[in-house]
Amino acid sequence: MKPLRAAPRPLIPRPLALAADEPFQRLKRAVIARTGHHYYADKDEVLWDRVQRRLLATRDRDVGAYLKRLAGDDGEQEWAALETEITIGETFFFRYAEQFTALRSTILPDILDRRAQDKRIRIWSAGCATGAEPYSIAILLSQMLGEALADWRISILGGDINAAFLETARKGQFGRWALRAVSDANRDQWFTETARNTWTLKSAYRGLVRFERQNLLDLLGPAPPLELTEFDLILCRNVLIYFHHEVVEQLVGALGGRLAPDGWLLLGHAEPNPAFGKLLDVTQLPGTVAYRPPDPERPAQPGPSFEAFAAPEPEPQHLAEAPSPLWRPAPIPTPVPTSAPLGAPPAADLVETVRRLADAGDYAAAEAACRQALAVAPEDPALHLHDGLVLRALGRPAPAEAAFKRALYLDRGFALAHYHLGLLLLDHGRTRAAARSLKTAAQIAGTVPAETRLAHGAGLDAGQLRKSVRLLLQSLVGV
């Protein structure tokens, strides 16, 4: 078998210096202004890779011609296509076990109790991507209510700026990658296998969720959507990391204003900020943080603290009580697609090929690609990291652990390899070793400025990783 090579693709003439190219910079400013995705402010190469795909699709000769298209009669349609390219849709069912534990044990019981008279619940999944998050909530509520579900009016809204994601979400079809935190028994209970490596969510759960195209920046505009109000629960997880910090605070305030008086807001593990405590009440839950509208009668709690990490304490007894498979699996963050810079070594293309195969749910092909890629570049730590991710998705923890350790042998300062190793160990109950790996990842991330983006980190920067690890360590010691 020949070594794996990235397929050649046609090229649009690339400006020699993107930073000095006025049409490209004008397009970048327009993208950030329209979507709020400040993520691209310092990522010209990544944005160019996505813009180039649209230039190929529209056959526009350069960015200047493409700007004219965006300003033309069909501009909105093309903007939708560009937004599809530039938004990131990594999601899977029951992502972040700690938050779903909090939903099941605290948040949803509180909502059900308060709504027992009118039997009406409103939930909003903001930035829902392909729908795994709102569908996970639908499954959870169905489990909790049982036969009584028929007596309730459940409204779960999934919103996203990416029209293609929403079209996929409405179909309710998912591959193994999106179901990697779901046991086989639960998958067979909730889904119907409709094709090879493809499962369709059963209509009983799909019927609880509706989807619509949304731009979160509309909440800050002069005429915010009137229908987005009085929610019992809003989930806006792993969305805010792409916005400028000043916009983030405004959005959190706006989301809080869309809650019912006793509603709940959940953000991503890496997104809590002490400044949010000035806008909303903070509720500390095991392993996570929730926010609620200000209430002077509610006991005050301190906001999340992100000081230096404490050494892990002895494992508490209650951790030996293993929860059901649904709630315990640790998440496997998937690297965000990135373009290889000019002159990058072949290994960068090989990593991208492995990632794309895994995203498509073809783990056997992804594993084969890893084997071929490692034969070409055996000393590339990123390939060993991705090898570990694929093996973990295939349910092979021992070789996955070995792959992560090979990555660390090659690069002891590889923060994401320490992090993924920690998640794997945590998933299998080895909490002390997991805490050591997670703490090491955080310490390495602490050696660079907080805003530094981590290679192969799904857009995560160093500060966000440290915050994420802090919450995980809190959950280990029962804080």
Flag if over 12 foreign heavy atoms under 6.0 Å of [atom1], [X]:
X	atom1	value
Asp151	CG	yes
Lys119	NZ	yes
Gln77	CD	no

**Prompt:** Between Arg210 and Ile156, is a side chain to side chain contact (heavy atoms under 4.5 Å, CB included) present by the stated rule, with each step listed?
**Reply:** CA-CA 6 Å; Arg210 65 182 179 89; Ile156 304 176; over 6 Å; no
Could you tell me whether [X] and [Y] make a salt bridge, using a distance below 4.0 angstrom between a side-chain N and a carboxylate O?
X	Y	result
Asp110	Arg292	yes
Glu76	Arg69	no
Arg396	Glu367	yes
Glu167	Arg213	no
Arg258	Glu230	no
Arg371	Asp387	yes

Give a yes or no on whether the ring-centroid distance for [X] and [Y] is below 6.0 angstrom.
X	Y	answer
Tyr66	Trp79	no
Phe174	Phe93	yes
Tyr135	Phe211	yes

**Message:** side-chain hydrogen bond (donor to acceptor under 3.5 Å, both in side chains) for Thr288 and Gln99? Distances and angles first, verdict last.
**Reply:** CA-CA 6 Å; Thr288 193; Gln99 288 195 338; 3.1 Å; yes
Check: [Y] main-chain N/O paired with [X] side-chain donor or acceptor under 3.5 Å:
X	Y	answer
Ser468	Gln464	no
Asp232	Gly263	no
Asp160	Phe165	no
Arg180	Trp177	yes
Ser125	Gly158	no
Lys171	Thr168	no
Ser203	Arg206	no
Asp62	Ala65	yes
Arg237	Arg95	yes

**Request:** Could you check Leu141 against Trp152 for side chain to side chain contact (heavy atoms under 4.5 Å, CB included), going step by step and ending with a plain yes or no?
**Result:** CA-CA 10 Å; Leu141 275 173; Trp152 286 72; over 6 Å; no
Any non-hydrogen side-chain atom of [X] less than 4.5 Å from a side-chain atom of [Y]?
X	Y	value
Leu255	Phe231	no
Glu83	Val31	no
Ile137	Phe100	yes
Val252	Leu240	yes
Val239	Leu267	no
Ile107	Leu285	yes
Val289	Thr283	no
Leu424	Phe404	yes

Rounded to the nearest 0.5 Å, what separation is found between the [atom1] atom of [X] and the [atom2] atom of [Y]?
X	Y	atom1	atom2	result
Leu70	Arg26	CG	CZ	10.5 Å
Leu389	Leu394	CG	CG	11.0 Å
Asp118	Arg153	CG	CZ	6.5 Å
Asp262	Arg115	CG	CZ	8.5 Å
Asp74	Glu78	CG	CD	9.0 Å
Leu67	Glu22	CG	CD	8.0 Å

Closest approach of [X] and [Y], non-hydrogen atoms and distance?
X	Y	result
Ala445	Ala462	O-CB, 3.3 Å
Cys128	Leu166	SG-CD2, 3.9 Å
Leu465	Ala441	CD2-O, 3.6 Å
Pro397	His428	CB-NE2, 3.4 Å
Cys236	Leu216	SG-CD1, 4.0 Å
Gly159	Gln214	CA-OE1, 3.0 Å

**Item:** Residue pair Asn186, Leu179: steps toward the side chain to side chain contact (heavy atoms under 4.5 Å, CB included) verdict
**Value:** CA-CA 10 Å; Asn186 285 329; Leu179 302 179; over 6 Å; no
**Prompt:** Between Glu133 and Phe94, is a side chain to side chain contact (heavy atoms under 4.5 Å, CB included) present by the stated rule, with each step listed?
**Reply:** CA-CA 7 Å; Glu133 179 177 89; Phe94 299 100; over 6 Å; no
**Item:** Test log, rule side-chain hydrogen bond (donor to acceptor under 3.5 Å, both in side chains), inputs Asp44 and Gln25
**Value:** CA-CA 9 Å; Asp44 285 356; Gln25 292 301 318; 3.1 Å; yes
**Message:** Among Ile123, Leu259, Leu265, exactly one meets side chain to side chain contact (heavy atoms under 4.5 Å, CB included) together with Leu233. Which residue is that?
**Reply:**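 Testing each of Ile123, Leu259, Leu265 against Leu233, the sole residue satisfying side chain to side chain contact (heavy atoms under 4.5 Å, CB included) is Ile123.
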**Request:** Would you please say whether a donor-acceptor pair under 3.5 Å links the side chains of Thr200 and Thr194?
**Result:**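 Per modelled atom types, Thr200 and Thr194 side chains form a pair under 3.5 Å.
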